[in-house]
2 protein chains.
Amino acid sequence: MFTLSDKTEFIAPIRTGNLAPEHGEYQMQSKFMPAAQPWTSPTKIVGPQIGGAHIAVTYERGQEIYAQGGSADKCYRVSTGAVRVCRILSNGGRQVVSFHVAGEMFGFEAGSQHRYFAEALALTRIVAFEQGLAQQRHLPELLALALEAMERAQEHLLLIGRQSAIERVATFLLDLCERLGGTRQFRLAMSRQDIADYLALTIETVSRAMSELKEQSIISLRHARMVDIRKPDALRSLCGHVAGLS
Amino acid sequence: MFTLSDKTEFIAPIRTGNLAPEHGEYQMQSKFMPAAQPWTSPTKIVGPQIGGAHIAVTYERGQEIYAQGGSADKCYRVSTGAVRVCRILSNGGRQVVSFHVAGEMFGFEAGSQHRYFAEALALTRIVAFEQGLAQQRHLPELLALALEAMERAQEHLLLIGRQSAIERVATFLLDLCERLGGTRQFRLAMSRQDIADYLALTIETVSRAMSELKEQSIISLRHARMVDIRKPDALRSLCGHVAGLS
DNA sequence: CGGCAGATTGAGCAACATCAAGACATGTGG
DNA sequence: CCACATGTCTTGATGTTGCTCAATCTGCCG
């Protein structure tokens, strides 16, 4: 567990008229952020809010935000940085269930215990929201967030269940790009291993897929973590994706 | 689209004190149902309720309950029978996102349109709940259901992402068994193709896994659809499953 | 009985995993 | 500055799982 010691501060609760009235708002929000280095963008925080007491905490890279089995009495918002939510399997493998970048909320669960654990991918600033009495007043927001999390999990399911390795990587890059504000160049906060565990592939296969995309000039890589999407349309067409509404 | 013609009836709204106050109630509920043929259990319906106007409709095997792209203004409860929720992919494949048996609710989505479609697996009786004004009063229930759907999708993700073919089939059988009331013998409402599309396998691989389980006397099959779990513990140990809470 | 849909079984193949070596970037100490 | 160590990523060679294609079998209905 973390201590609130010297890197903690309290923020006055913000009265939000009706933030996140429709699903997806905070994504749209992030689209208008200056996105040179989106996960280190600073003070201007306008994502969804839940009200009640807020606590902002800064985590080092790799630090645990909440533990598997810990009580799920808060939910969290990334203000800067990025987070992975995952679980360790009995065979030693790890499944990353989701990544979260600046502006996104995470941490709500069906039960009272966390079934997954969350860690910071980099130096990350998190705002925690108590889910006590104040929850009553924010049920619509919570419902919208839960439904959106469900939708994400279902899309993730389709991705892993039905797409090839290169399609998964392409979809991942495109999705991340959009969530980071739509810039064509961005830095991956996560390692190849993280990506592999997210896409249910091995690190080698992820690397080969990246190389293949590079080979086809669809992306270019300054460093392994610096992605530049050269042909967004080619990338999109690789996503194989779901059939339009019949 | 379906017509409400001759197979429709109206049911007076039921005032439910506080049904489904905690997540998972309807699962616990189904555990205590007389489960000789759980998906044809009759009148005694005590699952979660949402209130407001109810409409009960009976669907033939294969009939569509709602369409992809249709407006998601209701949610549904299976009273008898079983349902699959799925999507067609551009490559022609199909992903079954979830099955639902008697007592379970389905059909809520993040957006206003259905991103998946639902079909009856057999002769199935469905109660539809309007999600209009009455929704306000049932936000806690809706939230619990949404969180549970999220949890299911995430578990499904782990299953497909990290388990071998035989582990997936074993987990599927065990899960279905529990949801059907825990009887060791039950009838599969879904075809091998449905199971394959649910587990992200091919029909042949599902069949081989079944044969392997039969070979090891872990299950026996009277017919292809009649499962008898002979060694529940062996089946459980095959689930490979997630590590317990660290 | 034939006809048919669904299920099983087999043989060969492709995609991805595994194992192993090397490349690259970053940091540290001399 | 270089030499070295380390962690991360890439690339290659080989192995395995599950997919594809094809044949057969089973239960069911007329």
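By convention in this document, chain letters (A, B, ...) are assigned in the order of the sequence lines, proteins followed by strands, and residues within each chain are numbered from 1. Computed over heavy atoms, backbone and side chain alike; hydrogens, waters and symmetry mates excluded.
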(request) Give a yes or no on whether a donor-acceptor pair under 3.5 Å exists between the nucleobase atoms of D/dG7, that is its base, and the side chain of A/Arg192. (result) no
(message) Does D/dT8 have its OP1 or OP2 closer than 4.0 Å to a side-chain nitrogen or oxygen of A/Ser191?
(response) no
(request) Establish, yes or no, whether a centroid distance under 6.0 Å links the rings of B/Tyr198 and B/His156. (result) yes
(request) Working to the nearest 0.5 Å, report the span between CD of B/Glu178 and OG1 of B/Thr183. (result) 11.0 Å
(request) Assign B/Ser211 to base, sugar-phosphate, or nothing according to its heavy-atom contacts below 4.0 angstrom with the strands shown. (result) sugar-phosphate
(request) For the residue pair B/Arg162 and A/Gln95, confirm or rule out a side-chain donor-acceptor distance under 3.5 Å. (result) yes
(message) From CD of B/Gln163 over to P of D/dT16, roughly how many Å is that when rounded to an integer?
(response) 21 Å
(message) Rounding to an integer number of Å, can you tell me how far B/Arg168 CZ sits from D/dG18 P?
(response) 7 Å
(message) My understanding is that only one of A/Tyr66, A/Tyr59, A/Phe108 makes a ring pair (Phe, Tyr, Trp, His ring centres under 6.0 Å) with A/Tyr76; could you say which?
(response) A/Tyr66
(message) For the residue pair B/Arg230 / B/Ser217, report whether a side-chain donor-acceptor contact shorter than 3.5 Å exists.
(response) no
(request) Starting from the 5' end of DNA chain C, give me the residue, A/Arg222 or A/Arg208, whose nearest nucleotide shows up first. (result) A/Arg208
(message) Can a donor-acceptor pair be found, under 3.5 Å and without considering hydrogens, that links the side chain of A/Arg87 to the backbone of A/Arg115?
(response) yes
(message) OP1 or OP2 of D/dT17 versus the side-chain N and O atoms of B/Ser164: is any pair under 4.0 Å?
(response) no
(request) Would you mind reading off the distance between A/Glu204 atom CD and D/dT14 atom C1', rounded to a whole angstrom? (result) 13 Å
(request) Give A/Arg225 one of three labels, base, sugar-phosphate or nothing, depending on what nucleic acid heavy atoms sit under 4.0 Å from its own. (result) sugar-phosphate
(request) Decide whether B/Glu109 and B/His114 meet the rule of one side-chain donor and one side-chain acceptor closer than 3.5 Å. (result) yes
(request) Would you mind telling me which of D/dC9, D/dG18, D/dT8 lies closest to the side-chain atoms of B/Ala165? (result) D/dG18
Using distance only, find each side-chain donor-acceptor pair of residues 207-215 of chain A under 3.5 Å and give its atom names and separation, not counting sequence neighbours.
{"from": "A/Ser211", "atom 1": "OG", "to": "A/Ser207", "atom 2": "O", "distance (Å)": "3.1"}
{"from": "A/Glu212", "atom 1": "OE2", "to": "A/Gln216", "atom 2": "NE2", "distance (Å)": "2.6"}

(request) Using chain B heavy atoms and a threshold of under 4.0 Å, write down where along DNA chain C the contacts begin and end, 5' to 3'. (result) C/dA7 to C/dA11
(message) Based on the rotation axes of five pairs at each end, what angle does the helix from C/dC1-D/dG30 to C/dG30-D/dC1 bend through, to 10°?
(response) 20°
(request) Classify the nucleic acid contact of A/Arg61 as base, sugar-phosphate or nothing, counting any heavy atom under 4.0 Å across all strands shown. (result) sugar-phosphate
(request) Between D/dG18, D/dT20, D/dT11, spot the one nearest the side chain of A/Ser207, thanks. (result) D/dT11
(message) So, taking the atom named CZ in B/Phe172 and the one named CG in B/Leu188, what distance separates them when rounded to the nearest 0.5 Å?
(response) 6.0 Å
